[in-house]
Protein chains: 2
Amino acid sequence: MKEMTELLKGVLEGVVLQVIKSKKETYGYEITNYLTTIGFEDIVEGTVYTVLIRLEKRNLVEIEKRKSDLGPARKFYRLNENGESYLQDFWKKWGFLVDQLTKIKKM
Amino acid sequence: MKEMTELLKGVLEGVVLQVIKSKKETYGYEITNYLTTIGFEDIVEGTVYTVLIRLEKRNLVEIEKRKSDLGPARKFYRLNENGESYLQDFWKKWGFLVDQLTKIKKM
DNA sequence: ATCAGTACATTGTTATACATAGTACTACTA
DNA sequence: TAGTAGTACTATGTATAACAATGTACTGAT
C-alpha cells in the first residue's frame with residue numbers, strides 16, 4: 001500500500017527489530033526486500049539503513065560483518081537482550097494503541 | 001500508557017478527526033481531555049492544537065467560533081467532505097498496517 | 001483582587017522517514 | 001575486457017509531526 005509514510009513513523013523500528021528476531025540473523029538488503037514483498041512497497045533502502053544504524057547506536061543489536069559470495073560484504077544483525085526487551089515493550093505499546101483505536105473507531 | 005509519542009505519529013491526525021466526527025462537533029480543549037481520559041496520558045494541549053491547525057489548513061474541517069458561558073470562546077470543529085474521505089482513507093491504511101504487523105509478529 | 005479552571009495560540013526542538021546520490025563488489029556478456 | 005545488472009552499504013539534506021514551554025484571555029468563586 002502506498003503513502004503509509006506517516007503511519008510508519010514509530011512503527012518501523014519495531015518492525016525491523018521483529019524481522020531481525022524472526023530471521024535470527026539478517027542484513028539490511030534482505031530486510032528491505034522482505035518488507036517490500038510483504039506490502040510496504042514504498043520503503044526504500046535508505047530508510048531501512050537509517051533504522052539499522054539507529055538500532056546499532058542504541059545497542060539493541062549485535063553486528064557481524066561477513067563476506068558474501070555474491071556482491072559486497074554483508075553486515076549481519078542479531079538481537080541482543082536490550083533488543084529483546086525493547087521489542088517486548090514495543091509490542092505492548094502497539095497492542096495498547098490498537099485497542100484504543102478500535103474503541104475510537106467504534107465510538 | 002506513557003511514551004507512546006513516536007507510535008502516535010501519523011495516527012493522531014486520524015484519531016482527532018474521528019473524535020470530531022463521532023462528537024459531530026467539538027473543540028480543542030474537549031478533545032484533549034477526552035484523549036487523556038481514555039488513556040493517552042501524555043498528550044498535551046499544544047499537540048492537539050497543532051493537529052487542529054493542520055486539519056484546518058488542509059481543509060478537512062469546518063470551523064465556527066462561538067462564545068461559551070464558561071471561559072473564553074470555543075472554536076468548534078466539524079468534518080467536511082474532504083475530512084470524511086480522508087478519514088476513510090486513514091482507516092483503510094490503519095487496517096492494512098494492523099494486518100501487516102500482526103503477520104510480522106507471528107512470523 | 002486573586003486564583004483556579006477553561007480555552008486557544010505560538011515558538012523552538014527533536015525524532016523519524018524519505019529522496020538522492022555515491023561507493024564498491026561480483027558475475028555475466030557482448 | 002569493458003560494460004552492465006544485481007547486490008549491499010553509507011552519507012547528506014529535507015519535510016513532517018509531536019512535544020515542551022510559554023503566553024494570552026475569559027469566567028466564576030473565594
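Reminder, nothing fancy here: chain letters follow the sequence lines and each chain counts from 1.
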In whole angstroms, how far is the P atom of C:dA4 from the CG atom of B:Asn33? 18 Å

When you get a sec, tell me which of C:dC8, D:dA18, D:dT10 is the closest nucleotide to the side chain of A:Lys65? D:dT10

Whichever of B:Leu70 and A:Arg54 has its nearest DNA chain C nucleotide further upstream toward 5': B:Leu70

For B:Glu45, answer base if it contacts any base atom (sugar-phosphate contacts may also be present), sugar-phosphate if it contacts only those atoms, and nothing otherwise; contact means non-hydrogen atoms under 4.0 Å. base

Under-4.0 Å side-chain N/O to phosphate OP1/OP2 contact, B:Arg74 with D:dC26: no

If you check the B:Pro72 side chain, which of C:dT6, C:dT10, D:dC9 turns out closest? C:dT6

Which label fits A:Trp94 and B:Trp94: parallel for a plane angle under 30°, tilted from 30 to 60°, or perpendicular past 60°? tilted

Measure CG/A:Asp69 against P/C:dC28 and give the value in whole Å, please. 11 Å

Indicate, with a heavy-atom threshold strictly under 4.0 Å, whether B:Lys9 touches base, sugar-phosphate, or nothing. base

Just to confirm, is there a sub-4.0 Å distance from OP1 or OP2 of D:dA17 to any side-chain nitrogen or oxygen of B:Thr47? no

Can you check the B:Tyr77 OH to C:dA7 P distance for me, whole Å? 14 Å

Would you mind telling me which of D:dC19, D:dC9, C:dT16 lies closest to the side-chain atoms of A:Arg58? C:dT16

CG of A:Leu52 versus P of D:dA8: gap in Å, rounded? 14 Å

Phosphate oxygens OP1/OP2 of C:dA17: is one of them under 4.0 Å from a side-chain N or O of A:Thr50? no

Out of D:dC19, C:dC8, C:dA15, which nucleotide sits closest to the side chain of B:Ile43? D:dC19

Out of C:dA9, D:dA8, D:dT16, which nucleotide sits closest to the side chain of B:Tyr49? C:dA9

Check the side chains of B:Tyr77 and B:Glu64 for a donor-acceptor pair under 3.5 angstrom, ignoring hydrogens and angles. no

